[in-house]
Each structure stands twice: as C-alpha cells, then as structure tokens.
Amino acid sequence: RLVDAVIGVAVALLFSQLLLPAEPVAVLRRVERDALAHLAATVGLVTEGIHRADRKLTAEALSEMEETAFHLADLTDIRGASTRSAWLSPLHLRRLAAVKREVRHARRLELLSLSSLTLMRTILMPPPEERPTAHAVPHRFQQVLVTLSTDDGNAGALASGQMLDLVRSTAAATLHHEALNAVGAVLCLTAEDVLVYAGRGQREAAAIVRDAWREARTSHDTPDDAEGHDDRDA
C-alpha cells in the first residue's frame with residue numbers, strides 16, 4: 001500500500017505539471033499520513049508478535065518496517081518535484097514558503113521511521129523473560145503513530161502528549177527494571193523525533209523529553225532508592 005502511495009504521489013505531481021495546477025503540499029501531506037498509518041500497523045504487528053511469542057510474526061513486522069523506511073527515502077525525489085512544481089506554477093509561486101516547510105516536515109518523517117524501527121529492535125533484543133514491562137511500549141507507541149496519521153490540526157499536540165506520557169511511565173519503570181534502561185534511551189530519541197515531526201525545534205524537543213524523563217524518575221524515586229543513590233555516591 002505504501003509503495004502504491006509513493007508511486008501515486010510521483011505520478012500525481014507529474015500529471016499536475018502537464019495538465020493541472022500543482023498542489024504539492026496537499027500531495028505530500030497525503031503520502032505522509034499514509035506512511036504513518038502503515039508504520040502504525042507494522043508496530044501493531046510487533047505488539048501482536050510479542051503477545052503471541054511469535055518470532056516469525058515479529059521478524060516479518062521488522063522487515064516491513066525496514067521496507068517502510070526504504071520507501072520513505074523515495075520521497076527525496078518527490079520533494080524535489082514538489083519544490084520545482086511550486087516554482088514552475090505561477091499560481092503557487094507565492095506558496096513556495098509553505099512547500100519548503102512541508103518538505104522539511106517530510107524529511108522528519110524519515111527520521112521518525114528509522115527511530116521507530118530502532119525502538120522495536122531494542123525492545124525485542126532481550127529474551128522474552130527479560131522484557132518486564134517493555135511489552136506495553138509498542139502498543140502505546142502505535143497509538144502515538146495512529147494519532148499522528150489523522151487529518152486533524154491538533155494531531156501533533158495530541159501525539160506529543162501521548163509520547164511524553166509514555167516516556168514518563170517508562171522512566172518510572174526503569175527504577176525497578178534495569179533491563180528497560182536501553183529501551184528508555186531509544187524511546188527518548190524516538191520521542192524527540194515525534195516532537196520534531198509535530199513542529200518542535202530539535203533542541204526544544206530534546207529539552208522537553210529530557211525534563212519529562214528526569215521529573216518522572218524523581219517523582220517515583222522512593223526513600224529506599226534515594227538512600228541507595230546516596231550510598232553509591234558516598
């Protein structure tokens with residue numbers, strides 16, 4: 001489906017140049033939503049594979065995520081066509097700034113797809129008995145991607161809130177499950193990509209995620225944990 005979407009975007013842009021005024025921003029947004037929905041579906045397959053202890057299903061899901069990232073790279077050519085179409089069409093010349101913003105937005109989607117793949121691989125790395133609460137991460141992350149894929153002007157803010165809640169709950173869980181530390185580190189990087197895709201600056205996103213992680217760890221730190229920290233510091 002995603003391959004068809006990418007091909008369809010390329011054809012639509014070419015067709016618009018020949019016969020109709022181009023609408024590159026709308027075209028790019030459509031393929032981004034389709035890509036996010038597809039990515040969410042593959043994360044859902046990872047979740048199902050974990051619950052069913054089905055290694056074949058999880059391997060197929062990871063392979064599908066790799067294909068998604070690969071096909072999103074094809075957007076590089078589509079972006080170039082989108083920007084050129086804005087230059088070539090007098091009707092949309094004044095909208096060039098909007099096209100360039102959407103081009104940057106589409107680039108961020110590639111980064112998000114790659115960090116999503118890394119997150120799923122990190123979750124699946126330990127043997128099943130060493131994945132305490134990591135099982136909940138793929139399901140909740142899928143909901144973030146589903147929210148991002150909706151045609152809703154508030155989708156970015158909603159997805160960012162969902163992602164930060166996931167960061168906080170994972171941060172709290174690492175206090176009792178050290179095996180989650182690796183997942184938490186990758187989750188924070190993925191959360192940054194979600195926030196950047198939703199419109200935040202890179203530094204701002206990193207600071208927001210870092211603060212969410214630290215606050216959750218601090219608020220869930222028990223007196224015993226604190227004493228343990230003091231002993232180690234001593």
Side-chain angles (χ1 to χ4, degrees), residues 1-10 30-76 78 106-150 155 159 162-174 176-194 196-197 209:
R1 182 185 171 194
L2 180 60
V3 178
D4 292 339
V6 172
I7 293 173
V9 169
R30 282 199 300 273
V31 77
E32 286 173 30
R33 288 196 298 270
D34 286 345
L36 282 165
H38 185 79
L39 191 60
T42 56
V43 171
L45 290 177
V46 173
T47 304
E48 184 180 349
I50 290 175
H51 283 296
R52 290 167 48 182
D54 189 333
R55 291 185 178 180
K56 181 180 179 181
L57 181 59
T58 53
E60 290 175 350
L62 289 178
S63 179
E64 187 69 19
M65 291 185 75
E66 289 175 357
E67 286 294 313
T68 299
F70 174 77
H71 290 299
L72 281 173
D74 291 342
L75 282 174
T76 301
I78 295 173
R107 287 188 185 126
R108 294 165 184 160
L109 179 55
E110 287 185 37
L111 295 176
L112 177 55
S113 70
L114 292 171
S115 60
S116 300
L117 174 60
T118 303
L119 177 61
M120 295 302 107
R121 283 176 170 167
T122 305
I123 290 170
L124 293 167
M125 201 175 297
E129 63 272 12
E130 295 180 16
R131 300 177 199 153
T133 59
H135 295 83
V137 174
H139 175 69
R140 293 181 62 183
F141 181 58
Q142 180 189 14
Q143 299 308 307
V144 173
L145 295 175
V146 168
T147 301
L148 274 179
S149 70
T150 59
Q162 291 173 331
M163 194 70 195
L164 290 173
D165 285 343
L166 179 53
V167 167
R168 294 185 188 99
S169 63
T170 304
T174 59
H176 307 288
H177 302 284
E178 290 188 0
L180 272 176
N181 283 329
V183 173
V186 179
L187 180 67
C188 286
L189 293 176
T190 309
E192 289 180 26
D193 286 340
V194 169
V196 169
Y197 183 77
V209 172

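Numbers for residues simply follow the sequence, beginning at 1.
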Which residues pass the side-chain hydrogen bond (donor to acceptor under 3.5 Å, both in side chains) test with [X], not counting sequence neighbours?
| X | answer |
| --- | --- |
| E60 | none |
| Q142 | none |
| T174 | R217 |

Would you name the heavy atoms of [X] and [Y] that are closest together and state the gap between them?
| X | Y | value |
| --- | --- | --- |
| V146 | T150 | O-CG2, 3.3 Å |
| A37 | S149 | N-CB, 3.7 Å |
| T190 | S115 | OG1-O, 3.4 Å |
| L111 | D193 | O-OD2, 3.4 Å |
| L39 | S113 | CD2-CA, 3.9 Å |

Could you tell me the separation between the [atom1] atom of [X] and the [atom2] atom of [Y], rounded to the nearest 0.5 Å?
| X | Y | atom1 | atom2 | value |
| --- | --- | --- | --- | --- |
| M65 | H38 | CE | NE2 | 9.5 Å |
| T42 | M120 | OG1 | CE | 8.5 Å |
| M163 | Y197 | CE | OH | 15.0 Å |

Under 3.5 Å donor-acceptor pairs involving side-chain atoms of residues 45-54, not counting sequence neighbours:
from : atom 1 : to   : atom 2 : distance (Å)
T47  : OG1    : V43  : O      : 3.1
T47  : OG1    : H139 : N      : 3.4
E48  : OE2    : R52  : NH1    : 2.5
R52  : NH2    : D54  : OD2    : 3.3
D54  : OD1    : K56  : N      : 3.1
D54  : OD1    : L57  : N      : 3.0

For this session: Apply side-chain contact (heavy atoms from CB on, under 4.5 Å) to I123 and L119, showing your working.
Result: CA-CA 6 Å; I123 290 170; L119 177 61; 4.1 Å; yes
Exercise. So, do C188 and V209 sit near enough that their side-chain heavy atoms are less than 4.5 Å apart?
Worked result: yes
For this session: Measure the shortest side-chain to side-chain distance between L166 and L187 over non-hydrogen atoms and say whether it is less than 4.5 angstrom.
Result: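 The answer is yes; the side chains approach within 4.5 Å.
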For this session: Before giving the answer on side-chain contact (heavy atoms from CB on, under 4.5 Å), spell out for L112 and L148 the whole-Å C-alpha distance, their side-chain angles and the decisive distance to 0.1 Å.
Result: CA-CA 11 Å; L112 177 55; L148 274 179; 4.0 Å; yes
For this session: Just jot down the side-chain contact (heavy atoms from CB on, under 4.5 Å) partners of T147, sequence neighbours excluded, or say none.
Result: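 Only L158, A159, Q162 meet the side-chain contact (heavy atoms from CB on, under 4.5 Å) criterion with T147.
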Problem set entry | With R121 via salt bridge (Lys or Arg N to Asp or Glu O under 4.0 Å) - residues at least two apart | E66
Problem set entry | Heavy-atom donor-acceptor pair, T68 side chain to E64 backbone, under 3.5 Å | yes
